[in-house]
Amino acid sequence: MVLFLTLLIAGIALVVIGAAVDGMLSLLSAGVLLLIADLLYLAARSVWRSLRHPVR
């Protein structure tokens with residue numbers, strides 16, 4: 001969970017900096033990609049957890 005929160009904070013920071021500073025479109029796109037990767041990690045983790053502990 002610490003990794004998820006760290007990536008989430010880093011992604012949000014990159015998006016904010018990229019949007020605020022003129023000419024930093026690369027930071028904005030890197031932040032968006034990091035947020036997408038973070039959401040995919042969260043989805044994969046929840047699927048993996050549900051496979052290991054089936055509902056009774």
Side-chain angles (χ1 to χ4, degrees):
M1 194 58 145
V2 174
L3 178 65
F4 171 74
L5 291 175
T6 304
L7 289 176
L8 184 67
I9 291 170
I12 291 172
L14 285 175
V15 167
V16 168
I17 292 170
V21 178
D22 188 33
M24 290 290 189
L25 189 59
S26 60
L27 278 182
L28 180 65
S29 61
V32 169
L33 288 175
L34 188 61
L35 288 175
I36 291 170
D38 195 29
L39 291 176
L40 289 174
Y41 169 74
L42 183 66
R45 185 175 173 198
S46 67
V47 167
W48 178 257
R49 181 173 289 179
S50 69
L51 290 176
R52 288 180 33 198
H53 301 290
V55 177
R56 295 182 184 195

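- Remark: L3 engages L7, Y41 in a side-chain contact (heavy atoms from CB on, under 4.5 Å) (not counting sequence neighbours).
- Under a hydrophobic clustering in which Ile, Leu, Val, Met, Phe, Trp and Tyr are joined whenever their side-chain heavy atoms come within less than 4.5 Å, directly or via other members, L34 and L5 fall into the same cluster.
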What side-chain donor-acceptor pairs closer than 3.5 Å can you find for residues 14-24, not counting sequence neighbours?
none

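- Every residue meeting the side-chain contact (heavy atoms from CB on, under 4.5 Å) condition with I36, not counting sequence neighbours, appears here in chain and number order: V32, L40.
- One distance of note links CG of L8 with CD1 of I12; it measures 4.0 Å at 0.5 Å rounding.
- Atom CG of residue D38 and atom OG1 of residue T6 lie 9.0 Å apart, to the nearest 0.5 angstrom.
- With rounding to the nearest 0.5 Å, the separation of CZ in F4 from CD1 in I9 is 10.0 Å.
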